[in-house]
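In what follows, chains are A, B, ... by sequence order, proteins preceding strands, each numbered from 1.
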Amino acid sequence: MPELPEVETIARNLRTGYGDLPALPGLQVRQVELLWDRSLATPSPQEFRARLIGQTVEQIWRRGKFLALTLSKDHLLFHLRMSGDLLVEREEDPISPYHRMMIEFNTPYRLSFNDPRKFGRVWLVDDPQMVFRSLGPEPLGEEFTAQGLYRSLRERHRQLKPLLLDQSFIAGLGNIYADEALFRAGLHPLLASDKVNERQAQRLWESIRLVLEESIRRNGASIDWVYRGGDFQNYFRVYRRTGGPCTVCGTPVARMVVGQRGTHYCPHCQPLP
DNA sequence: ACGAGCGCCTGTCGGC
DNA sequence: TGCCGACAGGCGCTCG
């Protein structure tokens with residue numbers, strides 16, 4: 001469940017606690033269990049354990065689709081990729097066969113990295129910029145402006161859909177929110193970025209922020225077997241609605257493959273000139 | 001610079 | 001029922 005709104009939701013839950021479960025800030029790492037070595041991007045398992053044990057969680061934040069824990073000495077970074085999730089559990093809770101890492105605290109609780117498909121990655125670094133350097137602007141941040149988006153679109157020659165998925169262009173959009181933003185902006189996924197005019201760029205900028213903000217308000221989207229309580233999936237206009245009526249004009253939603261990703265759009269509302 | 005194809009993994013679903 | 005392909009919220013790599 002990992003695009004910007006879902007990661008933001010997880011970060012908020014870890015920061016403040018949810019249900020009976022505690023907030024993470026203030027907890028000290030007592031032990032580390034690495035159940036699938038390749039989930040660890042860096043450093044080596046031995047160094048990871050040695051450095052992590054004893055550190056205290058200070059802050060929890062998000063950059064793009066990355067979730068970051070600021071610790072007393074280092075930063076612990078997670079990328080959930082396709083199927084990753086972070087869960088706070090009690091020590092007596094059963095260990096899921098999909099748990100890839102467990103960080104046990106000096107309390108009866110642990111932070112479990114659950115990831116059926118094993119695509120997710122974890123980094124322990126002193127400087128998060130080592131990992132974040134190539135990321136584009138935060139779409140909900142002040143540095144992301146309609147004018148800036150317009151200029152960036154014009155200086156490239158890319159199809160809009162793959163460009164929105166490019167994390168060095170904007171950090172945090174994935175397949176759902178790229179499709180939903182393009183629909184709301186009335187732009188075809190294959191439109192060349194340098195053909196977008198100023199008015200269209202303004203509308204795309206508003207659409208990106210609108211879908212992300214609305215999804216965060218709804219605690220993200222929950223699809224398939226991964227469920228975290230978000231309900232933005234009930235407000236999708238095009239994503240996985242192939243054949244269903246466009247909410248604006250009634251035309252059946254179409255699906256095509258762009259850059260190996262399923263892409264959903266309304267052929268009437270998002271025409272290709 | 002850009003896009004296509006593939007690899008990494010496991011699970012679900014629909015068709016035959 | 002069992003098998004098989006398509007598909008799934010991502011990204012890094014190689015190759016034209």
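- In this model, the phosphate group of C:dC7 is approached by a side-chain N or O of A:Arg255 to a distance below 4.0 Å at OP1 or OP2.
- In this entry the distance linking CG of A:Asn114 with C1' of B:dC9 reads 14 Å, nearest Å.
- For the pair A:Arg63 and A:Glu138, the salt-bridge criterion is met [side-chain N within less than 4.0 Å of a carboxylate O].
- Nearest nucleotide to the side chain of A:Tyr98, out of C:dG9, B:dT10, B:dC2: B:dT10.
- Contact annotation: A:Arg38 side-chain N/O to B:dG7 OP1/OP2 distance is not under 4.0 Å.
- Taking atom CD of A:Glu6 as the reference point, atom P of C:dA8 lies 16 Å away to the nearest angstrom.
- Counting non-hydrogen atoms under 4.0 angstrom, A:Arg121 reaches nothing in the nucleic acid.
- Within 4.0 Å of A:Tyr239, counting heavy atoms only, lie sugar-phosphate atoms of the nucleic acid but no base atom.
- Using a 4.0 Å heavy-atom cutoff across all strands shown, A:Gln260 reaches at least one base atom of the nucleic acid.
- As a whole-Å value, the separation of A:Asp115 CG from C:dG9 C1' is 12 Å.
- For A:Lys118 and B:dT10, the shortest distance from a side-chain N or O to OP1 or OP2 is below 4.0 Å.
- Taking the P atoms as reference points, B:dC9 lies 25 Å from C:dC3, given to the whole Å.
- Between A:His75 and A:Trp61, the two ring planes are perpendicular [angle over 60°; tilted spans 30° to 60°].
- Comparing B:dC6 with C:dG5, their P atoms sit 15 Å apart, to the nearest whole Å.
- Ring pair A:Tyr177/A:Phe232: centre-to-centre distance below 6.0 Å.
- One finds no salt bridge joining A:Glu8 and A:Arg12 here, because no Lys/Arg side-chain nitrogen approaches an Asp/Glu carboxylate oxygen to under 4.0 Å.
- Remark: P of B:dC9 and CG of A:Leu80 are 17 Å apart, rounded to the nearest angstrom.
- Rounded to a whole Å, the CH2 atom of A:Trp36 is 10 Å from the C1' atom of B:dC8.
- Closest to the side chain of A:Ala221, from the set C:dG9, C:dA8, B:dC2, is C:dG9.
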* Asked: In dot-bracket notation, what is the pairing pattern of DNA chain C, taking Watson-Crick (N1-N3 plus N6-O4 or O6-N4) and G-U wobble (N1-O2 and O6-N3) contacts under 3.5 Å, with [ ] crossing and | for other strands?
  -> .|||||||.|||||||
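- Heavy atoms of other residues, nucleotides or ligands lying less than 6.0 angstrom from CD of A:Glu142 number 12 at most.
- At least one cation-pi condition fails for A:Arg156 and A:Phe169: the charged atom is not both under 6.0 angstrom from the six-membered ring centre and inside a 45 degree cone around its axis.
- As rounded to whole Å, 14 Å separates atom C1' of B:dC2 from atom CG of A:Leu160.
- Taking the C1' atoms as reference points, B:dG3 lies 22 Å from C:dG9, given to the whole Å.
- Side-chain atoms of A:Glu214 never come within 3.5 Å of backbone atoms of A:Val211 as a donor-acceptor pair (strictly under, hydrogens ignored).
- Stacking between A:Phe119 and B:dC8 is present: the aromatic ring centre lies within less than 5.5 angstrom of the base six-membered ring centre, and the two planes differ by under 30 degrees.
- Nucleotide C:dG9 holds its C1' atom 8 Å from the OH atom of A:Tyr177, rounded to whole Å.
- A sub-4.0 Å separation between OP1 or OP2 of B:dC8 and a side-chain N or O of A:Arg81 is absent.
- A:Glu198 and A:Gln202 are not linked by any side-chain donor-acceptor pair at a separation below 3.5 angstrom, with hydrogens and angles left out of the test.
- Proximity of A:Arg158 to the phosphate of B:dG3: a side-chain N or O atom is located under 4.0 Å from OP1 or OP2.
- One interatomic measurement links the two molecules: CG of A:Leu77 to P of C:dC11, which rounds to 14 Å at whole-angstrom precision.
- A donor-acceptor contact under 3.5 Å is not formed by the side chain of A:Arg240 with the base of C:dA8.
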